[in-house]
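All values reported here derive from a predicted model rather than from experimental measurement. Reminder, nothing fancy here: chain letters follow the sequence lines and each chain counts from 1.
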Amino acid sequence: MASSFTRILSSKRNVGILSLVGGSVAAGFLLHREHVTAGEPLRRRYPASAEYPDLRKHNNCMASNLTPAIYAKLCDKATPNGYTIDQAIQTGVDNPGHPFIKTVGLVAGDEESYEVFADLLDPVIKERHNGYDPRVMKHPTDLNATKIQSGVFDERYVLSSRVRTGRSIRGLSLPPACTRAERREVERVVVDALSGLKGDLAGKYYSLTLMTEQEQQQLIDDHFLFDKPVSPLLTCAGMARDWPDARGIWHNNEKTFLIWINEEDHTRVISMEKGGNMKRVFERFCRGLKEVERLIQERGWEFMWNERLGYILTCPSNLGTGLRAGVHVKLPRLSKDPRFSKILDNLRLQKRGTGGVDTAAVGGVFDISNLDRLGQSEVQLVQTVIDGVNYLIECEKRLEKGQDIKVPAPLKQFK
Amino acid sequence: MAAMKNCHNDYKMKFSVDEEFPDLSQHNNHMAKVLNKDIYSKLRGKSTPSGFTVDDVIQTGVDNPGHPFIMTVGCVAGDEESYEVFKELLDPIISDRHGGYKPTDKHKTDLNYENLKGGDDLDPNYVLSSRVRTGRSIKGFTLPPHNSRGERRGIEKLSIEALSSLDGEFKGKYYPLNGMTDAEQEQLIADHFLFDKPVSPLLTCAGMARDWPDARGIWHNDNKTFLVWVNEEDHLRVISMQKGGNMKEVFRRFCVGLQKIEEIFKKHNHGFMWNEHLGYILTCPSNLGTGLRGGVHVKLPKLSTHPKFEEILTRLRLQKRGTGGVDTASVGGVFDISNADRLGSSEVEQVQLVVDGVKLMVEMEKKLEKGESIDGMIPAQK
């Protein structure tokens with residue numbers, strides 16, 4: 001049952017969002033009064049203009065949207081846990097741009113970051129999620145896998161199918177900001193809930209600090225083991241602190257349902273299998289997620305979610321569904337066709353190499369997945385992937401036979 | 001920003017010591033040897049006036065359990081006051097690292113180069129280059145693990161003012177990392193002056209690479225024998241160097257240049273951080289005292305394979321590194337030999353040890369070349 005720990009956090013949650021505003025003398029006095037234990041700061045304080053980052057060489061969503069005026073407005077604020085705008089943008093300041101993809105360039109340290117720093121986060125979200133306006137729009141959540149049409153691919157082309165998302169535990173700070181105690185609590189809560197899974201979902205937890213050599217080797221062979229992040233996008237945001245404390249991997253005995261704990265998010269949930277049965281992969285995904293949610297709710301916890309932004313995750317790019325549904329598919333001919341990128345664009349799909357986001361394709365095999373995360377439901381996005389991949393396979397078959405292909409009309413943004 | 005940082009620490013205080021104490025079971029660094037729940041409990045509620053906390057101090061040591069070549073310190077200071085506020089943790093670490101240095105000990109500063117004996121006759125057939133470096137922190141600013149962009153830029157501005165007023169043999173130019181031309185960059189690389197964004201996790205986990213390359217830069221004199229790094233691991237790193245074995249000249253230029261720079265900073269009411277217990281205050285506790293590393297690149301192919309090499313170095317109070325710096329191994333029998341001590345002895349004393357020790361080792365090398373024994377030359381512990 002919920003511990004005293006959660007009771008402390010619950011009461012904090014229910015108080016609502018407290019933002020500490022500097023700027024006016026009166027507000028400054030209030031700030032001082034509430035935090036008088038801090039004492040007089042001897043540290044030299046500079047005006048916002050002296051602190052504003054140099055973003056001239058930068059190409060990420062944060063740099064495109066952080067004006068000096070917005071920075072000045074936000075630089076004295078902090079979330080109730082003490083997370084600041086400087087912390088949120090540090091990764092974007094330290095990483096001017098990525099060759100393959102326009103990065104977001106900021107992270108949330110906790111659920112309240114999305115409120116307290118809304119002046120920056122809302123335009124970033126709008127840019128990243130193709131015009132989704134969190135100020136006026138609502139995000140649909142739908143984990144009813146029975147609505148999926150078809151979804152079993154031709155296995156001469158589709159080698160594997162996978163759906164992943166993330167979930168955050170409400171009341172605990174996110175990986176960029178969490179303390180060791182919070183991170184350990186995430187681990188405790190989630191592992192405890194997972195031990196309640198049954199049937200084809202029953203499985204086991206492997207803590208990164210305690211796993212044996214053998215277990216480690218097996219996890220590597222299964223391609224389940226995640227490493228300490230080396231990407232500066234993550235390390236500059238503080239997500240690798242205290243590694244490997246409270247990090248681990250849980251998977252079911254059948255090795256088709258996998259959960260990463262305390263990597264880039266509190267949890268990353270993955271359903272996968274070899275072959276082309278995306279329908280079954282998604283069905284298991286939904287069932288597993290709902291079951292885990294039920295189990296944590298029994299213990300007095302819940303996932304971070306709201307109707308503006310859907311599921312709350314560390315990176316703004318993963319808001320909404322946080323869902324990436326994809327396949328590894330052989331498209332040697334289509335991938336060489338000059339219209340390939342346009343076809344993917346219009347189908348709202350993206351390609352990656354089979355090693356993940358920062359890699360290139362090998363042997364004509366591509367990782368094809370949904371582009372969108374926010375503004376459409378899980379069911380809608382998975383259906384988009386299914387319809388899109390079927391189309392791509394049709395194109396490949398036509399090219400094999402020497403027939404021509406057509407670029408499909410672009411899909412509508414928000415349904 | 002002090003109130004913000006304390007706000008986060010106040011929030012953290014809701015969790016117990018047991019819940020927050022780091023897992024140091026795999027660790028081998030000075031911080032892990034000293035830190036226990038008792039000390040952590042006493043210090044976790046504190047912060048320096050600028051908001052630096054004990055978790056900030058130890059983060060690099062928690063994230064980096066151990067280094068293969070060298071026992072790392074595993075903690076950093078965020079400001080001058082860190083050494084006071086967290087003394088319960090830092091004093092024992094300083095003692096461990098600096099040969100038993102006690103909290104009541106006083107450190108001697110001596111930058112009078114005329115007190116150095118000899119040092120102008122190291123055999124250039126063996127001693128390829130000579131170098132003395134130290135660091136300086138500017139009073140009134142927080143240190144690289146903690147400082148904000150505004151502070152870092154303030155440090156750069158002051159440093160440029162100070163350095164551009166130097167003349168004579170010290171006349172030179174500042175090259176900001178952000179804004180140097182391709183040609184300037186090529187030249188600085190060719191001269192081996194350019195420093196890169198830190199990649200060592202020892203530094204990045206302590207937050208020292210934030211906002212790179214904002215307000216970082218390199219200044220050097222026209223003669224290319226006196227070099228200052230601005231806002232790398234410390235506010236300033238000051239380096240005097242030249243090819244060959246004339247350590248005396250290198251040290252003279254080092255002392256004279258440092259004192260000129262210090263005068264100018266003092267005029268701006270921003271002298272260097274220094275106190276009579278810890279000497280010069282720097283980011284890493286290993287660099288307290290003189291912060292001085294005086295060394296040579298020297299060819300010792302035979303001596304370095306002699307079974308007593310390590311013992312000789314220890315007795316001479318010297319340490320070896322590869323010629324690529326602290327994290328490297330030696331190449332072709334050429335070693336970087338420098339003083340091991342920083343705190344508890346003066347600049348003159350430390351450089352004297354290098355001068356005398358290297359002279360002896362070169363003589364040993366020559367003996368070994370002739371096939372003779374060096375057993376009679378093994379020195380007593382200095």
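Heavy atoms of A/I89 lying under 4.5 Å from chain B belong exclusively to its side chain. Only the side chain of A/R56 comes within contact range of chain B, with heavy atoms under 4.5 Å apart. Residue B/R210 touches chain A through both its backbone and its side chain, counting heavy-atom pairs closer than 4.5 Å. Only the backbone of A/A240 comes within contact range of chain B, with at least one heavy atom under 4.5 Å from a heavy atom of that chain. In this structure, the portion of B/I58 lying under 4.5 Å from any heavy atom of chain A is its side chain and not its backbone. A/A246 does not touch chain B: none of its heavy atoms, backbone or side chain, sits under 4.5 Å away. Heavy-atom distances place both the backbone and the side chain of B/E20 under 4.5 Å from chain A.
Exactly one of B/E19, B/K12, B/K14 qualifies for a side-chain contact (heavy atoms from CB on, under 4.5 Å) with A/T179. That residue is B/K12. Of the residues listed (B/D55, B/D63, B/D23), the one engaging A/R180 in a salt bridge (Lys or Arg N to Asp or Glu O under 4.0 Å) is B/D55, and it is the only one.
Distance check, rounded to the nearest 0.5 Å: OH of A/Y46 to CD of B/E151 gives 5.5 Å.
Between chain A and the residues B/P22, B/G207, B/S16, the largest count of heavy-atom pairs under 4.5 Å involves B/P22.
Annotation for B/K197: atom NZ counts as buried by contact number, over 12 foreign heavy atoms lying within 6.0 Å.
A/E51 and B/S148 get closest at one heavy-atom pair: OE2-OG, 2.6 Å.
A 4.5 Å side-chain heavy-atom check between B/Y11 and A/E182 finds at least one atom pair inside the cut-off.
We find that B/R149 and A/D54 are not joined by a salt bridge, their nearest charged nitrogen and carboxylate oxygen being 4.0 Å or further apart.
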